[in-house]
Amino acid sequence: MILDYRKLAKLKSTYVDALPKLINPKTGRIHSSFNQARAATGRLSSDNPNLQNIPIRDEAGRKIRKAFEPRDENHVLLAADYSQIELRLIAEISQDEAMLDAFVNGHDIHQATAAGVFNKKLDEVTPDERRAAKTVNFAIIYGAGATNLSKQLNIPRKEATVLIENYFKQYKGLKKYMTETVEFAREHGYVLTLMGRRRYLRDINARNGLERSNSERIAINTPIQGTAADMIKVAMINIHRALKEGNFKTKMIMQVHDELVFDIPKEELEKVSPIIEDLMKNAMPQLKVPILVGMDTGKNWLEAH
DNA sequence: AATTTCACG
DNA sequence: ACGTACGTGAAATTA
């Protein structure tokens, strides 16, 4: 009951009460800031208000997302998302054969991972196994250990250890990438995204084991999260230019890490949406791994997903 | 002013 | 032997 209460109190104080106060009387809209040099990985952040943490995961929160609408009834919102961008990029960066293969062949990556770690054929994977494999995929990106994974999956630590072992048997290239990235960081004191942006890691050679471990996880995660950030930034620049050069009235109004949101006059939709899709997919055209973009429109932000 | 909690990717 | 999942921002609570 306390948790239920807090869930609603959070939504009320952070969104329902706060957002209407931030509507600019001249424009009738909320004008937040997107900070370009704040997040250590190269992501954007958003504040005043933060538009990158508008609820979506549960029913009460979805009602808040519904309140975000296009400027008028002649416009629609379009949301364009990169599909599993960080997993695709770890496959690309590590050049792991099995993971690249899964993406190239258009497999469901979580299902493919489940088949590997549970020693099953693709079509024999159960929904629970797929869910567990999804958690493992994300745990790996963040450098989680067996203790954490066991808590996430509500299983004994030993079983989590086995899952991780099977995972790296399946994706040997990922293991290699992680080891080599930490070695690179120890030697140079920084790590790199695919586009060459650096993040320095002061504690990578710390004598304090916890500090060192923290830095090692950052070393593993930053090239992935940071490359995804680089990619969407390139896409945003190219899209902005294309909208300008085409004299479109479409406005790019939000970015949420792997998603762009546009306010589009209905009559422009047919012309503009393939341009957006193309420029998002091809922001980094030299990659082996396929990059997919999902797109949807609606009369509010919830419907556009 | 610092910490905790919780919203998102 | 133990223990550690990455990146944010806002509101409420505690010091």
Side-chain angles (χ1 to χ4, degrees), chain A residues 2-19 21-22 30 32-65 68 79-87 89-90 134-153 157 160-161 163-164 167 178 181-182 185 191 193 199 201 203 206 208-232 254-261 294 301-302 305:
Chain A
I2 290 171
L3 291 172
D4 280 347
Y5 165 79
R6 289 212 294 230
K7 183 154 271 179
L8 295 174
K10 178 81 170 189
L11 296 178
K12 182 170 187 295
S13 65
T14 305
Y15 306 103
V16 179
D17 293 341
L19 292 176
K21 293 180 186 167
L22 296 169
I30 291 172
S32 105
S33 296
F34 286 92
N35 311 300
Q36 297 213 65
R38 186 162 304 178
T41 52
R43 277 185 169 185
L44 303 186
S45 83
S46 161
D47 63 12
N48 267 306
N50 182 356
L51 291 185
Q52 293 178 322
N53 73 343
I54 300 302
I56 192 169
R57 290 176 190 170
D58 48 57
E59 194 43 49
R62 285 167 175 259
K63 292 181 176 166
I64 292 165
R65 189 164 281 236
F68 288 78
D81 295 67
Y82 282 112
S83 157
Q84 292 146 357
I85 189 62
E86 292 194 355
L87 285 170
L89 289 176
I90 198 174
K134 184 175 177 180
T135 301
V136 178
N137 273 326
F138 287 114
I140 295 310
I141 291 181
Y142 301 143
T147 308
N148 190 289
L149 185 61
S150 73
K151 284 175 192 158
Q152 293 291 318
L153 292 175
R157 224 182 82 142
T161 305
L163 283 184
I164 292 173
Y167 188 89
M178 292 167 75
T181 300
V182 168
V191 289
T193 67
R199 178 177 183 179
L201 301 168
D203 297 329
N208 179 316
L210 181 55
E211 286 177 1
R212 202 169 56 245
S213 294
N214 286 339
S215 285
E216 288 171 3
R217 290 193 299 275
I218 294 169
I220 290 163
N221 175 266
T222 292
I224 305 159
Q225 193 179 123
T227 301
D230 293 343
M231 183 188 279
I232 197 168
M254 291 190 283
Q255 189 256 42
V256 194
H257 310 305
D258 63 356
E259 170 186 8
L260 298 175
V261 182
W301 196 6
L302 183 64
H305 268 274

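Quick note on labels: first sequence line is chain A, next is B, and so on, each numbered from 1. All values below were derived from every heavy atom in this structure, side-chain atoms included, with hydrogens, water molecules and symmetry-related copies excluded.
Taking 4.5 Å as the limit, every side-chain heavy atom of A:D4 sits out of range of all side-chain heavy atoms of A:K7.
Here C:dA5 presents its C1' atom at 8 Å from CG of A:N221, a figure rounded to the nearest Å. A straight line from CD1 of A:I56 to P of B:dA7 spans 14 Å, rounded to a whole angstrom. With rounding to whole Å, A:L302 atom CG is found 15 Å from B:dC8 atom C1'. Distance A:R157 CZ to C:dG3 C1': 8 Å, rounded to the nearest Å. Rounded to an integer number of Å, the gap from CZ of A:R65 to P of B:dC8 is 8 Å. Rounded to an integer number of Å, the gap from CD of A:Q84 to C1' of B:dG9 is 14 Å. With rounding to whole Å, A:L44 atom CG is found 11 Å from C:dG9 atom P. Following rounding to the nearest Å, A:L201 (CG) and C:dC6 (P) show an atom-to-atom distance of 13 Å.
Pairing of B:dT5, defined by two Watson-Crick or G-U wobble distances under 3.5 Å, is identified with C:dA10.
Using a 4.0 Å heavy-atom cutoff across all strands shown, A:S46 reaches sugar-phosphate atoms only and no base atom. Within 4.0 Å of A:I141, counting heavy atoms only, lies no atom of the nucleic acid at all. If you check every strand for non-hydrogen atoms under 4.0 Å, A:A139 touches a base. Residue-level contact check: A:N50 touches the backbone only, with heavy atoms under 4.0 Å from sugar-phosphate atoms and none from bases. Residue contacts shown for A:N148 include a base, since a base heavy atom lies under 4.0 Å away. Among the heavy atoms of the strands lying under 4.0 Å from A:A40 are primed sugar atoms or P, OP1, OP2 only; no base atom is included. Using a 4.0 Å heavy-atom criterion, one finds that A:R212 contacts no nucleic acid atom at all.
Taking only distance into account, the side chain of A:Q52 never meets the base of B:dC8 through a donor-acceptor pair shorter than 3.5 Å. No hydrogens or angles were tested; on distance alone, a donor-acceptor pair under 3.5 Å links the side chain of A:Q152 to the base of C:dA5.
Along DNA chain C, the nucleotide closest to A:R38 and the one closest to A:G209 are compared, and the more 5′ of them pairs with A:G209. The residue among A:T41 and A:N48 whose nearest nucleotide of DNA chain C lies closer to the 5′ end is A:T41.
Checked by atom type, the side-chain pair A:Q52/A:S46 shows no donor-acceptor distance below 3.5 Å. A side-chain donor-acceptor contact under 3.5 Å links A:N137 and A:Y167. Remark: the A:S33 side chain and the A:N48 side chain contain no N/O donor-acceptor pair separated by less than 3.5 Å. In this structure, a donor-acceptor pair under 3.5 Å is absent between the side chains of A:H257 and A:Q225.
The backbone N or O of A:S150 sits nowhere less than 3.5 Å from a side-chain atom of A:R157 that would complete a donor-acceptor pair. A distance-only check finds a donor-acceptor pair linking the side chain of A:R65 to the backbone of A:I54 [under 3.5 Å].
Contact annotation: A:R57 side-chain N/O to B:dG9 OP1/OP2 distance is under 4.0 Å. When the side-chain nitrogen and oxygen atoms of A:R43 are compared with OP1 and OP2 of C:dT8, none of them lie within a distance under 4.0 Å. Contact check, A:T147 against C:dG3: no side-chain N or O comes under 4.0 Å of OP1 or OP2.
For A:F138, the side-chain atoms get nearest to C:dA5 when compared with the rest of C:dC6, C:dG9, C:dA5. The side chain of A:P55 approaches B:dA7 more closely than any other nucleotide in the set B:dA7, C:dG9, C:dA5.
Only the P atoms considered, B:dT4 is 16 Å distant from C:dA5, to the nearest whole Å.
For the segment residues 5-19 of chain A, residues with any heavy atom less than 4.0 angstrom from an atom of DNA chain B are, sorted by number, A:R6, A:K7, A:K10, A:Y15.
Under the 4.0 Å criterion applied to side-chain N and carboxylate O atoms, A:R43 and A:E86 are assigned as salt-bridge partners.
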* Show the numbers, then the answer: is there a side-chain contact (heavy atoms from CB on, under 4.5 Å) between A:I220 and A:R217? => CA-CA 5 Å; A:I220 290 163; A:R217 290 193 299 275; 5.6 Å; no
